[in-house]
2 protein chains.
Amino acid sequence: MKKQTGIHLPTHRPLTTVDVVIFTVKEDQLQVLLVQRGSADQEPFPGCWALPGGFVNVAQDATLLDCALRKLHEKTGVQAPYLEQVGSWGGAGRDPRGWSATHVYFALVPWQEVQAAAHTNVSDAQWFAAEKCITMKLAFDHHELFQATLERLRSKVEYTSLPAFLLPEPFTLPQLQHMYEVVLGRPVDKSGFRTRMLAAEFLQEVGTVQSDAPRAPMGYRLQHREAPVYFPRTFSPRGAK
Amino acid sequence: MKKQTGIHLPTHRPLTTVDVVIFTVKEDQLQVLLVQRGSADQEPFPGCWALPGGFVNVAQDATLLDCALRKLHEKTGVQAPYLEQVGSWGGAGRDPRGWSATHVYFALVPWQEVQAAAHTNVSDAQWFAAEKCITMKLAFDHHELFQATLERLRSKVEYTSLPAFLLPEPFTLPQLQHMYEVVLGRPVDKSGFRTRMLAAEFLQEVGTVQSDAPRAPMGYRLQHREAPVYFPRTFSPRGAK
DNA sequence: TCAATAGTGTCTATCAGACAATATTTG
DNA sequence: CAAATATTGTCTGATAGACACTATTGA
């Protein structure tokens with residue numbers, strides 16, 4: 001229909017942003033980092049809680065992933081966590097400043113690393129329980145982004161080793177099981193859990209580890225920190241439909 | 001359009017595009033629609049095959065999905081197929097014209113609908129076998145986009161009803177099984193297939209249907225055309241790891 | 001009655017889930 | 001040895017896959 005002759009670059013370009021849903025498990029709860037928007041004039045949603053994110057900086061970010069890593073580091077001080085793209089949302093109506101498209105990532109960060117970074121002094125950032133977050137009004141369409149991301153996380157935890165990225169190494173199987181239980185919000189059978197984890201062959205024994213437990217548990221590390229392992233089946237209690 | 005009230009909007013905005021991987025099954029093969037890029041001066045990758053796509057038009061497209069539907073319709077004449085987002089790719093290096101981010105979708109279209117649209121006269125568009133396409137050099141990073149999309153499709157077909165969107169209604173179970181076999185590239189057991197499909201309760205009987213078969217098979221329709229059904233498990237032959 | 005395809009039955013190895021038992025360490 | 005937690009063992013119901021069988025129709 002329209003044949004391009006010569007260079008035709010669009011005169012009106014959408015705004016391009018990246019938003020990151022940063023998860024951690026703190027105090028036996030799945031928690032999410034939100035930032036409070038400034039109150040400067042004309043800023044949309046002033047004072048409102050929002051997902052950490054912002055405009056892609058074409059001078060600074062070589063890729064979208066780099067941009068997400070930058071946002072993450074700015075807000076948490078954490079360097080190399082697990083980061084995965086959820087998808088993108090774009091349209092004319094989602095930002096009052098104009099047609100915009102955002103690329104959404106989620107990150108899994110061990111709480112201990114966040115503490116170590118001691119960067120949480122970012123005054124406008126705060127951790128919220130995921131359940132709480134669901135009920136909050138967020139800036140832009142961030143409620144929708146967050147809901148989709150939480151669903152993605154929960155469903156993927158059913159058949160992957162993702163929760164391992166919420167723990168500092170070395171970790172023990174009971175600790176890992178606890179991460180699963182927190183994210184899934186339900187208890188998981190001990191025995192089945194162990195056989196499943198060991199069968200997946202993504203853990204490396206690294207010697208027993210000190211803990212407050214009477215019996216010293218085995219410590220493990222991940223063989224590959226880049227990507228999670230996919231289990232052949234889903235966790236599913238007998239009664240589940 | 002953009003109100004300048006001293007707000008700091010980025011002066012350099014990335015290019016925003018949408019690319020669509022359009023799949024169909026034609027002649028017992030999974031095929032993909034590619035378009036040949038024009039040879040006008042200064043156009044990048046002149047004469048090269050590429051995924052159908054292009055810039056978001058902020059005046060025309062209300063959302064990214066609308067933009068994808070538009071691209072799809074322009075190239076095939078098809079109106080409402082199955083469309084799903086794969087993800088987004090963005091960076092400084094992927095388009096010589098500047099920092100760009102593309103939003104990738106894939107579509108499943110029954111071949112019969114493409115024929116009916118009789119729109120295939122789009123001279124610069126052509127269907128290629130997916131296997132062939134993998135070996136081709138494509139414009140931009142489209143090879144990577146296509147590969148990721150094909151992987152997504154194949155893996156998702158293992159546990160969803162996606163192949164149903166490759167058939168016009170009403171269709172028969174043997175026909176549906178054939179779609180699975182073509183996409184997965186391996187035979188599927190008849191009996192297990194049938195029980196799985198019927199157990200998933202996403203099909204509606206609509207009476208037996210004429211075919212070239214000696215015995216008239218039952219015809220089915222989808223109960224919901226919006227989204228596929230997720231099976232509790234994956235297809236997996238005994239020997240599979 | 002045969003050919004060809006649609007559809008059903010059945011057997012079995014596998015295995016996840018449930019629960020119970022045992023091992024190990026500290027006080 | 002008691003308490004607490006880590007780790008292993010066993011039983012069983014469910015089921016996916018393999019394969020063989022029956023059903024239906026037209027020539």
Side-chain angles (χ1 to χ4, degrees), chain A residues 28 157-161 164 167 170-181 184-201 203-221 229-241, chain B residues 28 157-161 167 170-182 184-201 203-221 229-241:
Chain A
D28 297 346
V157 163
E158 297 275 359
Y159 58 91
T160 68
S161 64
L167 286 170
F171 53 82
T172 71
L173 284 180
Q175 283 173 337
L176 184 56
Q177 182 179 346
H178 187 240
M179 289 298 112
Y180 274 88
E181 293 178 330
L184 293 177
R186 66 163 192 264
V188 167
D189 181 80
K190 208 176 11 173
S191 173
F193 179 79
R194 299 179 131 267
T195 35
R196 164 176 287 213
M197 291 305 133
L198 297 176
E201 293 184 321
L203 296 173
Q204 231 172 6
E205 292 195 359
V206 46
T208 56
V209 98
Q210 287 285 45
S211 77
D212 50 351
R215 174 174 174 183
M218 178 59 69
Y220 293 90
R221 291 182 43 195
V229 162
Y230 289 70
F231 307 133
R233 303 174 126 164
T234 239
F235 282 102
S236 51
R238 280 262 183 268
K241 158 67 188 172
Chain B
D28 297 344
V157 164
E158 296 275 359
Y159 58 91
T160 68
S161 64
L167 285 171
F171 53 82
T172 71
L173 283 180
Q175 284 172 338
L176 183 56
Q177 182 178 348
H178 187 240
M179 289 298 112
Y180 274 89
E181 292 177 331
V182 166
L184 293 177
R186 66 164 192 264
V188 168
D189 180 81
K190 200 178 18 170
S191 172
F193 179 80
R194 298 176 71 89
T195 34
R196 166 175 284 213
M197 291 305 134
L198 297 177
E201 294 185 319
L203 296 174
Q204 234 173 4
E205 294 194 358
V206 307
T208 56
V209 100
Q210 288 283 49
S211 77
D212 50 350
R215 172 175 174 182
M218 177 59 68
Y220 294 89
R221 292 180 44 193
V229 162
Y230 288 69
F231 306 134
R233 303 173 127 165
T234 238
F235 282 103
S236 50
R238 280 260 185 265
K241 161 66 186 172

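Given the structure is predicted, the values throughout are model-derived calculations rather than measurements. Chain naming here is simple, since letters A, B, ... match the order of the sequence lines and numbering starts at 1 in each.
- OP1 or OP2 of C:dT5 has not a single side-chain nitrogen or oxygen of B:Ser211 nearer than 4.0 Å.
- Relative to the side chain of A:Arg215, the nucleotides C:dA23, C:dG7, C:dT25 differ in distance, and C:dA23 lies closest.
- When distances run from any side-chain atom of A:Pro217 to the nucleotides D:dT7, D:dA4, C:dT8, the shortest one goes to D:dT7.
- No donor-acceptor contact under 3.5 Å links the side chain of B:Ser191 to the base of D:dG17.
- Straight-line distance from the CZ atom of B:Arg186 to the C1' atom of D:dA18: 15 Å, rounded to whole Å.
- Taking atom NZ on A:Lys190 and atom P on D:dT5, their separation rounds to 10 Å, with Å as the unit.
- Between B:Met218 atom CE and C:dG7 atom P there is a gap of 7 Å when expressed in whole angstrom units.
- Remark: the backbone N or O of B:Val188 is paired with a side-chain donor or acceptor of B:Gln177 at under 3.5 angstrom.
- For A:Phe171 and D:dA6, the CZ to C1' distance is 16 Å, given to the nearest whole Å.
- The closest donor-acceptor contact from the side chain of B:Thr172 to the backbone of B:Gly219 lies at 3.5 Å or more, if one exists at all.
- With the nearest nucleotide of DNA chain D identified for both A:Gln175 and A:Gly192, A:Gln175 has the one nearer the 5' end.
- Computed from coordinates, the A:Leu173 CG to D:dT7 P distance equals 6 Å when rounded to whole Å.
- No donor-acceptor distance shorter than 3.5 angstrom exists from the side chain of B:Glu181 to the backbone of B:Arg186, with no hydrogens or angles considered.
- Per the geometry, NE2 belonging to A:His178 stands 12 Å off P belonging to D:dA6, to the nearest Å.
- Note: B:Gln175 CD to B:Tyr180 OH = 14.0 Å, rounded to the nearest 0.5 Å.
- Taking atom CZ of residue B:Arg194 and atom C1' of nucleotide C:dT10, one finds them 16 Å apart after rounding to whole Å.
- A:Leu184 has its side chain within reach of A:Glu158: a pair of non-hydrogen atoms, C-beta onward, lies under 4.5 Å apart.
- Position along DNA chain C of the nearest nucleotide to B:Asp189 versus B:Thr172 favours B:Thr172 as the more 5'-ward residue.
- Rounded to an integer number of Å, the gap from B:Arg196 CZ to C:dT8 P is 18 Å.
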